Amino acid sequence: MALEETPAPAKRDGHAGARRALAVVSLALVAATLGLDLPRASQGEFWGDGATYYAMAWSLARDLDLRFDAGDLARVRAEYPSGPQGIFLKRASGGLTVDAAAGFPWVRRVRPDEGRLYYAKAFAHPLAAAPLVAAFGTRGLLLANGLLLSGALWLAFFVLRRRGVAPWPALSAAVALLLFTVTPVYLVWPTPEIFGLALVTAGLAAWASGRPLLAAVLFGVAGYLKPPNVLMAAPLGLEPLLPREGEGLTAAGLSRGLRESLRRGLVLVLAAGSLYGLNVALTGELNYQGGERKTFH
């Protein structure tokens, strides 16, 4: 006896039901992160690199810069009376700064004798969270984590559905992969772990959807955030080198694949390089961890 196909309305109902369930999970993540008072919950203490990313996000939201000064210190102490314990800073010069007295275009380079201090961490995550911090205060840092993890869940779900996985198994797999692991612990960390996970997830989803250059850009940003993240771009670079379906391995095919692989790699390098270039413009140094860098307690 031939198996009967599932009626189309049932398929649509299953997909709609799974999406509604995923929407509920996403709303719960957003509500939980927005509703948490982090300074109170942590009893006014920082852990890990939290002090640096917290202060950076506030600095970008309020001052539009990566410089650490007395105003930044006072802002941290308003919520954390013990101050930014464990903050990473560096002394640097050569970056660009706005100066009304400098004449058109009112920009000059920072001199070494000014002794300016800058945050010594990657700015991509604080920059992404800064609009939410400006709108919701410190809660915006955790809200960014909730939104990013929700986005990663949706991407995983849609990739699995596009691969032919049924709605509820696709939802179960996405939830198991991203929520039944250590990942939710990082929702309460004002650090870039969830941001990096979301970038890598989006990069893999873009690659699986046939948008390799977008994937290369996302992997480039993830690599700037933490260089080992670039290893997750391996499928992006290796795929063009594999024989196409129905074709054997030929010299012409290998040459074509090598050019495509190099094109994707170049886009990735340019994406990461542009962020390192901004480091030079803002702090005068290419490496955000370079120069005279220290941890302060």
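Values below: every heavy atom of this structure, side chains too, minus hydrogens, waters and symmetry copies. None of the values given here were measured: they were computed from a predicted structure.
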* Identify the heavy atoms of Ala21 and Leu171 that sit nearest to each other, and give their distance. => CB-CD2, 3.7 Å

* Asked: So, do Phe88 and Tyr119 have ring centers that fall under 6.0 Å from each other?
  -> no

* Asked: Below 6.0 angstrom between ring centroids: does that apply to Tyr288 and Phe123?
  -> no

* Can you sort out the partners of Val267 under side-chain contact (heavy atoms from CB on, under 4.5 Å), two or more places apart, ordered by chain and number? => Leu213, Ala216, Val217

* To do: Give a yes or no on whether a salt bridge exists between Arg264 and Glu260, defined as a side-chain N under 4.0 angstrom from a carboxylate O.
  => yes

* Decide, yes or no, whether a salt bridge links Asp69 with Arg75 under the criterion of side-chain N to carboxylate O below 4.0 Å. => no

* **Intermediate values then yes/no, side chain to side chain donor-acceptor pair (under 3.5 Å), Arg111 and Ser93** => CA-CA 6 Å; Arg111 301 185 306 275; Ser93 62; over 6 Å; no

With a cut-off of 3.5 Å and sequence neighbours excluded, list every side-chain donor-acceptor pair involving residues 145-156.
residue, atom, partner, partner atom, Å
Asn145, ND2, Tyr186, O, 3.4
Asn145, ND2, Leu187, O, 3.1
Asn145, ND2, Trp189, O, 2.9
Ser150, OG, Gly146, O, 2.8
Trp154, NE1, Ser26, OG, 2.9

* Assess whether side chain to side chain contact (heavy atoms under 4.5 Å, CB included) is satisfied between Val25 and Leu179, documenting all intermediate values. => CA-CA 10 Å; Val25 173; Leu179 297 186; 3.8 Å; yes

If you define the side chain from C-beta out and look only at heavy atoms, does anything of [X] sit under 4.5 Å from [Y]?
X      : Y      : value
Leu204 : Val200 : yes
Lys90  : Glu292 : no
Arg109 : Leu96  : yes
Glu193 : Lys226 : yes

To the closest 0.5 Å, what do you measure between [atom1] ([X]) and [atom2] ([Y])?
X      : Y      : atom1 : atom2 : value
Leu225 : Leu197 : CG    : CG    : 11.5 Å
Leu282 : Asp65  : CG    : CG    : 8.5 Å
Leu117 : Thr283 : CG    : OG1   : 12.0 Å
Lys121 : Thr191 : NZ    : OG1   : 9.5 Å
Leu236 : Leu218 : CG    : CG    : 10.0 Å

* Asked: When you look at Leu132 and Leu141, which way does the side chain to side chain contact (heavy atoms under 4.5 Å, CB included) test go after all the steps?
  -> CA-CA 7 Å; Leu132 293 175; Leu141 267 172; over 6 Å; no

* **Worked verdict on Val182 versus Val185 for side chain to side chain contact (heavy atoms under 4.5 Å, CB included)** => CA-CA 6 Å; Val182 72; Val185 173; 4.2 Å; yes

Does the side chain of [X] pick up a donor-acceptor pair with the side chain of [Y] at under 3.5 Å?
X      : Y      : result
Thr138 : Glu79  : yes
Arg77  : Ser82  : no
Glu239 : Trp207 : yes
Thr97  : Arg108 : no
Glu285 : Tyr118 : no

* Check step by step if ring pair (Phe, Tyr, Trp, His ring centres under 6.0 Å) holds for Tyr276 and Tyr224. => CA-CA 7 Å; Tyr276 282 107; Tyr224 164 79; 5.0 Å; yes

* Does Arg62 CZ have over 12 foreign heavy atoms under 6.0 Å away? -> no

* What do the steps show when you test Ile87 against Phe68 for side chain to side chain contact (heavy atoms under 4.5 Å, CB included), and what is the final call? -> CA-CA 10 Å; Ile87 193 169; Phe68 180 82; 4.0 Å; yes

